[in-house]
Amino acid sequence: MGEGSRRGGNKRSSQLIHRRRLFLVQRLIRGSATGRVLIADANAAFPDVTDGIYPSDAAAALRHDIAALRQEYNCDIRREQNGTYVLVSPGDLTVLDLPDEEIEAVAFLIDAYGESDLPLAGQIRTCLERITLLMPEKCRNRLREMTASPRVDRPRAPARGVDTMMNLLKGVIRKREIEFDYRSPHTPDGAALHHRVAPLEFVYREGHTYLDAFCLQSDVPALRERFVLYRLDRIIPGSVRRLPHALRHDYRRPTYTLRYWLAPAVARTRDVAHWFPQSEITYADDGSAEVTAVTNDLWRAHQILMRYREHCRVIEPAQLVDMMRESAQRMVALYATDADQPGGEREVESFG
């Protein structure tokens, strides 16, 4: 039985054939597939066609569809020896005719993620390849000519097992407690210690991906009942265990009010960065500035404000003042030298 008689008329039949051929291109953009998979996916994609969008002789109809796409739209569809169809180019269906400004944005993303250790970098590169595939040749040529600007300059770190660990933990974030062994440089002998946590979210920060979690139990007593950032590459593979306990609380980090002073050397041009939420800056006549803001992460605030070095003094909260003071004292000890031997041996205090 032909498709025309089976569908109840040539007009409707032509519409269905046109729809499924466009679907084939869409499906092949997502990835290569065998003829059997293409037919099954096409039938599943059109629930309004009760007996399936492909006729009983589906294999022959698929071959006709592929031939028509090649002839009518100049699609470059290659059939591998194992029967898999691969879309090399959508031909005249390259419908993503982007303006130069957006091509420039694609060039920037390709440069940023080309050799990246960022989380999901592989998936982002694949997505960009699909976007490029849908561009007309003139856009692809323009893309090849472009130099990404600005250049992304960020710290890089080995991404050992980060994507694997993210996939492992993805299903428990804000759902189930977990336990694992964790190796921290703060452990004197480098031993892996045990932690039971409520996992909250993933955070990427300056070259590393972290699990933001509330520590429920730990071999490090000081961490218990605190929010902790665990680097994913320091969690011991094979030690992660999902626990049956659902998270009992809506864990929220406490919020702190920040107040810090900036010296004229960094504030007199009145363009101080707003590093934190709700930042309010008051500039003084001498060129200095006082900043008030909020944060829910004192460790992060400590890292940021240390960048100002001697040009910043934290006023509150008291916990952050203590952290800054301790770091300053340790830096003095680190750089102290014997007065009798300028440039000689450093008197360095060990701080793990």
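FYI, the numbering just counts along the sequence from 1.
Between Arg19 and Asp48, at least one side-chain nitrogen of the basic residue sits less than 4.0 Å from a carboxylate oxygen of the acidic one, meeting the salt-bridge criterion. Between Arg253 and Asp212, at least one side-chain N (NZ, or NE/NH1/NH2) sits under 4.0 Å from a carboxylate O, which counts as a salt bridge. The residues Glu177 and Arg241 are annotated as not salt-bridged, no charged nitrogen and carboxylate oxygen being separated by less than 4.0 angstrom. A salt bridge does not link Lys170 with Asp163: none of the charged nitrogens is closer than 4.0 Å to a carboxylate oxygen. Note on Asp111 versus Arg151: no salt bridge recorded, every NZ/NE/NH1/NH2 to OD/OE distance being 4.0 Å or above.
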Pair up each side-chain donor or acceptor in residues 128-142 with any protein partner under 3.5 Å, not counting sequence neighbours, and list the distances.
residue: Arg130; atom: NH1; partner: Ile29; partner atom: O; Å: 2.6
residue: Arg130; atom: NH1; partner: Arg30; partner atom: O; Å: 3.1
residue: Arg130; atom: NH2; partner: Arg30; partner atom: O; Å: 3.0
residue: Thr132; atom: OG1; partner: Leu128; partner atom: O; Å: 2.8
residue: Glu137; atom: OE1; partner: Arg140; partner atom: NE; Å: 3.4
residue: Glu137; atom: OE1; partner: Arg140; partner atom: NH2; Å: 2.6
residue: Glu137; atom: OE2; partner: Arg144; partner atom: NH2; Å: 3.0
residue: Lys138; atom: NZ; partner: Asp97; partner atom: OD2; Å: 3.2
residue: Arg140; atom: NH1; partner: Met135; partner atom: O; Å: 2.4
residue: Asn141; atom: OD1; partner: Arg144; partner atom: NH2; Å: 2.2
residue: Asn141; atom: ND2; partner: Glu137; partner atom: O; Å: 3.3

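Applying the ring-ring contact (aromatic ring centres under 6.0 Å, His included) rule to pairs touching residues 99-155 yields nothing, sequence neighbours excluded. Annotation: salt bridge (Lys or Arg N to Asp or Glu O under 4.0 Å) contacts involving residues 308-318, sequence neighbours excluded, comprise Arg259-Glu316. Residue pairs meeting the ring-ring contact (aromatic ring centres under 6.0 Å, His included) criterion with at least one partner in residues 13-48, sequence neighbours excluded, are Phe23-Phe46.
Scanning for side chain to side chain donor-acceptor pair (under 3.5 Å) contacts around Asp322 gives Arg325, with sequence neighbours left out. Residues meeting the side-chain contact (heavy atoms from CB on, under 4.5 Å) test with Asp219, sequence neighbours left out: Leu193, His194. In terms of the side-chain contact (heavy atoms from CB on, under 4.5 Å) criterion, residue partners of Met306 (sequence neighbours excluded) are, by chain and number, His302, Met324, Ser327, Met331. Listed by chain and residue number, nothing satisfies the side chain to side chain donor-acceptor pair (under 3.5 Å) test with Arg176 (two or more places apart in sequence, or in another chain). Listed by chain and residue number, Thr187, Asp189 satisfy the side-chain contact (heavy atoms from CB on, under 4.5 Å) test with Ala191 (two or more places apart in sequence, or in another chain). Scored by the side-chain contact (heavy atoms from CB on, under 4.5 Å) test, Asp250 finds Arg174, Arg252 as partners (sequence neighbours excluded).
In this structure, Leu247 shares a hydrophobic cluster with Leu200, Phe214, Leu216, Phe227, Tyr251, the cluster being traced through Ile, Leu, Val, Met, Phe, Trp and Tyr side chains under 4.5 angstrom apart. Residue Val88 is found outside any hydrophobic cluster, as its side-chain heavy atoms come under 4.5 Å of no other Ile, Leu, Val, Met, Phe, Trp or Tyr.
In this structure, the side chains of Val197 and Glu179 stay at 4.5 Å or more apart for every pair of heavy atoms. At a threshold of 4.5 Å between non-hydrogen side-chain atoms, the residues Ile235 and Val240 count as touching. Using a 4.5 Å cut-off on side-chain heavy atoms (C-beta onward), Leu211 and Ile173 make contact. Contact check for Ile77 versus Val86: no side-chain heavy atoms found under the 4.5 Å cut-off. Side-chain contact between Pro317 and Leu298: present, with at least one pair of heavy atoms (C-beta onward) separated by less than 4.5 Å. By the 4.5 Å heavy-atom criterion applied to side chains, Thr292 and Thr257 are not counted as neighbours. In this structure, Leu229 and Arg300 have side chains that are not in contact, with every pair of non-hydrogen atoms separated by 4.5 Å or more.
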Step by step, would you call Asp297 with Tyr256 a side chain to side chain donor-acceptor pair (under 3.5 Å)? CA-CA 8 Å; Asp297 189 344; Tyr256 303 90; over 6 Å; no
Residues Tyr230, Phe180; criterion ring-ring contact (aromatic ring centres under 6.0 Å, His included); working and verdict: CA-CA 11 Å; Tyr230 295 94; Phe180 51 79; 5.2 Å; yes
Go through Arg234 and Asp181 one step at a time and tell me if the salt bridge (charged side-chain N to carboxylate O under 4.0 Å, His left out) criterion holds. CA-CA 9 Å; Arg234 290 179 177 166; Asp181 295 331; over 6 Å; no
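Counting non-hydrogen atoms of neighbouring residues, nucleotides and ligands closer than 6.0 angstrom, the CD atom of Gln71 reaches no more than 12 such neighbours.
In terms of modelled atom types and a separation under 3.5 Å, the side chain of Arg78 and the main chain of Leu87 share no donor-acceptor contact.
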